[in-house]
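Each chain gets a letter, A, B and so on, in the order its sequence line appears, and its residues count up from 1.
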Amino acid sequence: MSKLVLLDGNSIAYRAFFALPLLNNDKGVYTNAIYGFTTMLLKILEDEDPSHVLVAFDAGKTTFRHDTYSEYKSGREKTPSELSEQLPVIREVLDVFKVPYIEKENYEADDIIGTLSKQAEEENWDVRIYTGDRDLLQLVSPRVHVSFIKKGITNTELYDPDAIRERYGLDPLQITDMKGLMGDSSDNIPGVPGIGEKTALKLLKEYGSVDKVLESIDEISGKKMKERLEENREQAKMSKELAIIYRNTPLDLELSKLKHEDYDVKEVTDLFRELEFQTLLNKFDDVDEAQQIFDELAYKHVTDVQEDMLVSPSALVVEVPEENYHHGSIWGIAVINETGRYFISTENALQSEAFQAWAKDESREKYTFDTKRAVVALGWNDLELRGITHDTLIASYLIDPSVSSHHVSDIAKRRNLQVVDTDEAVYGKGAKRTKPEEKALAEHLIRKGEAVYRLQGKIEEDLKQNEQLELFKELEMPLSLVLGQMETQGICVDRSQLETIGDELDGRLAELEKEIYKQAGREFNINSPKQLGPILFEELELPAVKKTKTGYSTSADVLEKLRDQHEIIPNLLLYRQISKLRSTYIEGLLKVIHPSTGKIHTMFNQAITQTGRLSSTEPNLQNIPIRLEEGRRIRKAFIPSESGWSILSADYSQIELRVLAHIADDEGLKEAFQNNMDIHTKTAMDVFGVGQDEVTSNMRRSAKAVNFGIVYGISDYGLSQSLGITRNEAKEFIESYLKSYPNVQNYMNDIKDEARRDGFVTTLLHRRRYLPDMNSRNFNQRSFAERTAMNTPIQGTAADIIKKAMVDVSKALEEKGLASRLLLQVHDELIFEVPQNEVEIMQELVPELMEQTIELSVPLKADVAQGPTWYDAK
DNA sequence: GTGTACACGC
DNA sequence: GACGTACGTGTACACG
């Protein structure tokens, strides 16, 4: 039995376009409609498994219907250029899938579909029609079913004759009569004014067709209705005429030619790669093909590492599959270079003198994927690794920080190199992750190394194009090593200090708990917002201010507003605060003290944030409490690792606003920093137009919040929330800020233009962030992109600067032979441990290096402090 | 295991 | 006029 699937091409493309955000690829080409169309096509082919298939498109602007009614489809919004430019590519997609498509001068896609479905029906074929247009429902018959695409792209509604009767109470053919009476605004079919769907259906149920209705006008009740029908006789007839799909379109096409053929997977994957359809690509990842490439990858399993195998440059794979590489074992090592491909067991590599010498030799170049992982893992085995000049992970991140996966297999795949499987495919995932037998392991590592080795040139070419080669080679690559050393070094914590604070917190929590139960009238889980909500807002009848998806919001800002309304509130706030301290900072930190070093070894992620900042995990040492004294005491547990040493902390003062002053080249802001003024006071003076002595604490607080907003790119809404004012007041604040600093205003406008023009913004050191939503039709997405455009160069440049300072300081420590060690970075702050005899030197050296890292048109300023614990370094 | 609410830092 | 609004990480809860 033959089955023909007919797709309404324009209608589906239209649906796809509006259902999906305006995605574009690296080349700035819009692909959302192509992507959505392709997804639907694949799903339809999979669901229906048709023997024959065709996509019909509308041709040209005019059709035979315009002869009947020149206004047909007029008043319709022009197809957006973002969509029309995608239509040719949709045809390319159909080409590679070997799906035939057709358009016919003077006819609409509907007519083609109507004609072919009629022919197929006469041959006793089954027909399925996919469309987003209800007009086609008139074609439904026992053999012809229509799938109507509802909202989204995968949600369809299947219509057979019964379904039509159920939905409309009509036979399929009467759909045209319905249109004749009610019209169709999207096609500019007039119908009878004053008659909508309800009335049309009522009339048709009684009389059956437009003609019958018109014949029976006398019987119809209601004077107005009679008049309307009488006056619009011809219009109703014409409207029905227009709505009828023409089923004898001259097509010169044989049904048998529409056979659904097999397609060439390679053609499909090549096109998907070009379009950057990663998700779809995964579906077509042909394992056999990858295996074939691998078969050519001969390698040697080396037990005795020879000097001449380790030429420069080489790709080096140090395989540590455990997410946390501080505890993970090295499963194996691979080296790939022009002399060959080598798999070396971890033991053999670590014991080999030739390997050790090569690893630490700065002059022998290595390429890796995730340098820091290799550096730290080898560091735990007392093996030093230097001379890494290329890291695929970091490079990929610099080229586009937004890509969702920086795994070596994905990067390779994106660059058309299908030689490497995912770790998950080879090792299994989650609890099932196991070390495979040696051959499989060796092959996987060789493939990874091969990808790194082969991609290096192409990737650096791209970096060069982006003017990012210096950022890569001189900043991020050296930084990787510095971070590796910091992580391996770790920071010492006083376990008993943490435990003491923990015990005290436990006691206070127990008391608070009792008190809260008493005030609530019963026991419940205080940590559960789901339980707390009903207690506060139903049992205690407090006014609910905000709701979340799942119930009442009980967040701190909500509770803060209720503080005076019930004595339970202050206790809850305190309970939350202390509970957070205990679980995250006491128990959390105790859990991650390394058993053998007694220190905490965080992991800095160098390839995650969109702005260029670092992040810190397991544990996150970039969010240790400081603002409230209660939490700040946690810092007392962070101590030097050697007795008699000190913790020294140096932080940039207002680095983002200084960067802004420089980038925007704003006189007012520059003046503030050149004269070393308190920036919030200065802002208050400028915004409120008062003298220094007239600045009240409230004015300064507002100014500070505005500065904060500038630095973090918050919206007027965000500012209104933080200051507890209305959105309009916040908006006025921002406006008067920008009036006070006109060049900041100019910068904000210029950078947005730049982002719209280029599709991305950059920092001083050429870090890049793409902003595809700058032209989004969605207000929120667009606004967010605009704030990001303004904010990223500021925050990102600040990140550039402190990263460079870290490399500079680290180099200086080495050159000067100082024993002091850099331990942590917290966005604008560096934390060291320092022997007593170096305290004075470091107090001079560190801020000096930080201030001279980069020359701006305003001075950079770094403050330094030191003491026996991190708490005291304030 | 996954999603949501909340809270910490910058 | 509504939309739902800096980022990243971690914990606890509550769902399957």
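Of the candidate nucleotides dG4(C), dG9(B), dG10(C), dG9(B) has the atom lying nearest to any side-chain atom of P625(A). Listed candidates were dC3(C), dA6(C), dC13(C). Nearest to the side chain of N527(A) is dC13(C). Taking the side chain of K530(A) as heavy atoms from C-beta on, and the options dC8(B), dC15(C), dA7(B), the nearest nucleotide is dC15(C). Considering only side-chain atoms of E587(A), the nucleotide from dA12(C), dC10(B), dC6(B) that sits closest is dA12(C). Considering only side-chain atoms of S615(A), the nucleotide from dA7(B), dC10(B), dT9(C) that sits closest is dT9(C). Closest to the K580(A) side chain, of the nucleotides dA7(B), dA6(C), dA14(C), is dA7(B). Comparing dA7(B), dG9(B), dC10(B) against the side chain of E829(A) picks out dC10(B) as the nearest. Here the nucleotide nearest the side chain of N780(A), chosen from dA7(B), dC10(B), dC3(C), is dC3(C). The side chain of S555(A) sits closest to dC6(B) out of dC10(B), dT5(C), dC6(B).
Counting any heavy atom pair closer than 4.0 Å across all strands shown, T554(A) reaches sugar-phosphate atoms only and no base atom. Among the atoms of the strands shown, base atoms are found under 4.0 Å from some heavy atom of F779(A). Here V826(A) lies in heavy-atom contact (under 4.0 Å) with sugar-phosphate atoms only. Within 4.0 Å of E618(A), counting heavy atoms only, lie sugar-phosphate atoms of the nucleic acid but no base atom. Counting any heavy atom pair closer than 4.0 Å across all strands shown, T788(A) reaches no nucleic acid atom. Heavy atoms of I624(A) sit under 4.0 angstrom from primed sugar atoms or phosphate atoms, though from no base atom. Among the atoms of the strands shown, none is found under 4.0 Å from any heavy atom of E656(A).
Between S402(A) and Q610(A), the side chains place no donor N or O within less than 3.5 Å of an acceptor N or O (distance only, hydrogens not considered). Side chains of N707(A) and H680(A): a donor-acceptor N/O pair is present below 3.5 angstrom, by distance only. In summary, the side chains of T869(A) and D872(A) do present a donor paired with an acceptor at a separation below 3.5 Å, with no hydrogens or angles considered. A donor atom on one side chain and an acceptor atom on the other are not found under 3.5 Å apart for Q497(A) and T500(A). Under the 3.5 Å distance criterion, with hydrogens and angles disregarded, a donor-acceptor pair is assigned to the side chains of R613(A) and Q795(A).
Look at Q531(A) and you'll find a side-chain N or O under 4.0 angstrom from OP1 or OP2 of dA14(C). OP1 and OP2 of dG10(C) both lie 4.0 Å or more from every side-chain N or O belonging to K591(A). Contact between the side-chain N/O atoms of T584(A) and the OP1/OP2 oxygens of dA7(B) is not found at any separation under 4.0 Å. Contact annotation: N525(A) does not reach the phosphate of dA12(C) (side-chain N/O to OP1 or OP2, under 4.0 Å). Taking side-chain N and O atoms only, S553(A) has no distance below 4.0 Å to OP1 or OP2 of dA5(B).
For the pair N623(A) CG and dC8(B) P, the computed distance is 10 Å after rounding to whole Å. What separates CG of L572(A) from C1' of dC6(B) is a distance of 13 Å, to the nearest Å. Whole-Å rounding puts the L574(A) CG to dA7(B) C1' distance at 14 Å. Summarising the geometry, the separation between CG on L589(A) and P on dC8(B) is reported as 15 Å, rounded to the nearest angstrom. Between the P atom of dG9(B) and the CG atom of L581(A) lies a distance of 9 Å, rounded to the nearest Å. Rounded to whole Å, the distance from OH on Y585(A) to C1' on dA12(C) is 15 Å. Put simply, CZ on R787(A) is 6 Å from P on dA6(C), counting in whole angstrom units. The CD1-C1' distance, from I586(A) to dC8(B), rounds to 14 Å in whole Å.
At least one test fails for R373(A) against the ring of Y325(A): distance under 6.0 Å to the centre or angle within 45° of the axis.
You won't find any donor-acceptor pair under 3.5 Å spanning the side chain of S583(A) and the base of dT11(C), going by distance alone. Side-chain to base pairing of R727(A) with dG4(C): one donor and one acceptor N or O lie within less than 3.5 Å of each other.
Heavy-atom nearest nucleotides on DNA chain C were determined for R613(A) and for T617(A), and the one closer to the 5' end corresponds to R613(A).
dC8(B) and dC3(C) have their C1' atoms separated by 28 Å, with the value rounded to a whole Å. If you take atom C1' in dA6(C) and the same atom in dG3(B), they sit 22 Å apart, rounded to whole Å. Here the separation of dC10(B) from dG4(C), taken at their C1' atoms, is 23 Å to the nearest Å.
The main-chain N or O of K599(A) is found under 3.5 Å from a side-chain atom of T597(A) such that the two form a donor-acceptor pair.
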Margin query: Before you tell me yes or no, could you show the steps for R727(A) and D716(A) under salt bridge (Lys or Arg N to Asp or Glu O under 4.0 Å), namely the whole-Å CA-CA distance, both residues' side-chain angles and the distance that decides it to 0.1 Å?
Written below: CA-CA 6 Å; R727(A) 202 172 138 173; D716(A) 49 7; 3.6 Å; yes

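In this entry dA12(C) has dT4(B) as its Watson-Crick or G-U wobble partner, both defining distances falling under 3.5 Å. Summarising the base pairing, dG4(C) is matched to no nucleotide, lacking a Watson-Crick or G-U wobble pair whose two defining distances lie under 3.5 Å.
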